[in-house]
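One-based numbering along the sequence shown.
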Amino acid sequence: MSMNFKRRLPIPKEIREEMPLAPQIAAQKPAFDAAVADVLCGKSEKKLLIIGPCSADREDSVLEYVERLARVAEEVRDKLIIIPRVYTNKPRTKGTGYKGLLHNPDPLGAPDLLGGVKAIRHMHIKVAETTGMFTADEMLYPENYQYLIDVIAYNAVGARSVENQEHRLVSAGISTPVGMKNPTGGSCSVMLNSVYAAQQPQTFIFRNWEVEATGNPLAHAILRGFQGLDGRNYPNYHYEYLERLCGLYTADTYANPAVVIDCNHDNSGKRPLEQIRIIHEVLDSVHRNEDIARLFKGFMVESYLEDGNQPVDGGVFGKSITDACLGWDKTARLIYNIADRL
């Protein structure tokens, strides 16, 4: 058992200089970031919708998806800020086979890590330059997020990473929002501890540097359900859970208490059509309880061009090769329905 150090990859700054974001698009990002921050800080009545494929597996179908999404986003811009999910690190749960575009720029071919780094940056840039929308990705590997730092508008820390100290510390130095998911075991205290740690000033070692981070007041909670010891899915979006979270997640301890509801994963039991029902139930809770309404800031939805999922070699354009997603027609109707209810 050993590791073979094959070659040194370019540092993030070198990749950003080689593949720059167009200046006119880069100039638009501060205003977009400020609008997202206003939602999380309670200065705006709008809500966030982080939506897109479970895994952004290929650029052509992702671009087709986000171009459609951009047209709908423009129509609902007075109610929703839509952030495309462009998750390029997303692996299969057991960590073998397809590991996301970063490690598999050709899902059926051999890994090419330098090619993967360039492929994920190219995809995020194309989304921004084609649609004017800035993206969300999962910070699965904290040391890699700087490859995308100038184009990412939202980072998520997943259920299997949220207890990791490096994720918490690096999140403290990110200037854009970081959503901390509840862990797979469901512990609310673990999730809130991660939010708290990310909001504090931190000093740590990162990429061979001694780093000081000021703390991220936009770190917040994401509820995604959990799996019990019996193997069953247990949702945590119901009224009673949100009511209890309001009592724990308070402004005297945390900056800008905010929660985003992840409507798939263990909340839906990976049944993507259930995301529609879940959203309407959460909105019912929001309309019923002022405390929940203050805490609730938006949804995360897994959606692609086609309903469902397929094997890696399935060949259906715009159909997920990881978790099953909501197809486009249902997605568009859902977005309009959310806007109507806000």
Side-chain angles (χ1 to χ4, degrees), residues 49-73 82-112 115-116 119-120 122-128 130-131 133 135-138 140 154 156 158-159 224-225 233 262-279 299-338:
L49 179 60
I50 301 109
I51 186 168
C54 172
S55 179
D57 58 317
R58 47 186 287 178
E59 187 174 290
D60 52 357
S61 53
V62 168
L63 286 176
E64 172 65 26
Y65 176 87
V66 296
E67 286 172 2
R68 298 184 191 184
L69 188 64
R71 292 191 287 269
V72 175
I82 296 183
I83 306 175
R85 267 181 65 114
V86 182
Y87 275 30
T88 54
N89 299 306
K90 191 76 172 182
R92 292 186 177 276
T93 301
K94 294 183 178 179
T96 58
Y98 178 69
K99 296 185 178 69
L101 190 69
L102 175 65
H103 287 92
N104 298 100
D106 176 1
L108 299 176
D112 174 5
I120 67 171
H122 190 268
M123 181 184 290
H124 281 275
I125 287 175
K126 286 294 290 182
V127 170
T130 300
T131 67
M133 304 172 77
T135 50
D137 205 337
E138 181 174 345
L140 191 62
Y154 186 95
R224 48 88 72 197
N233 299 105
D262 178 349
C263 300
N264 213 13
H265 298 102
D266 285 316
N267 269 334
S268 71
K270 295 190 178 182
R271 298 171 294 166
L273 298 185
E274 292 298 304
Q275 295 180 108
I276 300 170
R277 178 190 57 78
I278 290 166
I279 283 171
F299 293 111
M300 183 175 286
V301 173
E302 291 195 324
S303 156
Y304 212 174
L305 296 177
E306 301 292 338
D307 285 330
N309 62 351
Q310 63 182 337
V312 172
D313 59 353
V316 178
F317 185 78
K319 192 169 188 176
S320 176
I321 61 172
T322 49
D323 288 351
C325 292
L326 195 67
W328 174 253
D329 290 342
K330 297 181 182 69
T331 295
R333 287 196 297 271
L334 178 60
I335 294 172
Y336 291 129
N337 287 339
I338 295 171

Do Y154 and M300 make a side-chain contact, defined as non-hydrogen atoms from C-beta onward lying under 4.5 Å apart? yes
C325 side chain reached by C54 side chain, heavy atoms, under 4.5 Å: yes
Separation between CD (E274) and CG (N264), nearest 0.5 Å, reads 10.0 Å
Residue list, side chain to side chain donor-acceptor pair (under 3.5 Å) with K126, at least two apart or on another chain: none
Can you find a pair of side-chain heavy atoms, one from T131 and one from L69, that are under 4.5 Å apart? no
For I276 versus K330, what's the shortest heavy-atom pair and its separation? CD1-CB, 4.5 Å
Residue pair I278 / S268, side-chain heavy-atom distance below 4.5 Å: yes
How long is the gap from CG on L273 to CG on L326, to the nearest 0.5 Å? 6.0 Å
First locate atom CG of L101, then atom NE2 of H124, and finally report the distance between them rounded to the nearest 0.5 Å. 8.5 Å
Does any non-hydrogen side-chain atom of R68 lie less than 4.5 Å from one of L305? yes
Applying the side chain to side chain contact (heavy atoms under 4.5 Å, CB included) criterion to I120, which one of L102, D137, I125 satisfies it? L102
Going by the salt bridge (charged side-chain N to carboxylate O under 4.0 Å, His left out) test, which pairs reach into residues 53-62, not counting sequence neighbours? R58-D60
Which atom pair, heavy atoms only, marks the closest approach of L140 to N89? CD2-O, 3.3 Å
If every non-hydrogen atom of A56 is compared with every non-hydrogen atom of P53, which pair is closest and at what distance? N-CB, 4.4 Å
Looking only at heavy atoms, which two atoms of G315 and Q310 are closest? And how far apart? N-OE1, 3.4 Å
Exercise: do T331 and Y65 side chains pair donor with acceptor under 3.5 Å: no
Sorted by chain and number, sequence neighbours left out, side chain to side chain donor-acceptor pair (under 3.5 Å) with S61 holds for Y304
Yes or no on side chain to side chain contact (heavy atoms under 4.5 Å, CB included) for V127 and L63, after CA distance, side-chain angles and deciding distance? CA-CA 6 Å; V127 170; L63 286 176; 4.0 Å; yes
Could you tell me which residues satisfy side chain to side chain donor-acceptor pair (under 3.5 Å) with D266, sequence neighbours excluded, listed by chain and number? R224, N233
At what distance, to the nearest 0.5 angstrom, does CD1 of I321 lie from OH of Y98? 4.5 Å
Side-chain contact, heavy-atom cut-off 4.5 Å: V301 with I279? yes
Apply salt bridge (Lys or Arg N to Asp or Glu O under 4.0 Å) to E67 and list each qualifying residue two or more places apart in sequence or on a separate chain. none
Quick check for you: to the nearest 0.5 Å, what is the distance between Q275 atom CD and D262 atom CG? 7.5 Å
Going by side chain to side chain donor-acceptor pair (under 3.5 Å), name the residues that satisfy it together with Y87, two or more places apart in sequence or in a different chain. none
I82 CD1 to I338 CD1 distance, which is reported to the nearest 0.5 Å: 8.0 Å
What one should report as the nearest heavy-atom pair of T322 and S55 is OG1-CB, 3.4 Å
Kindly indicate whether the side chain of H265, heavy atoms from C-beta on, has any atom under 4.5 Å from the side chain of E302. yes
What pair of heavy atoms forms the shortest contact from P84 to V66, and how long is it? CB-CG1, 3.9 Å
Measuring only between side-chain heavy atoms, which start at C-beta, is C263 closer than 4.5 Å to N267? no
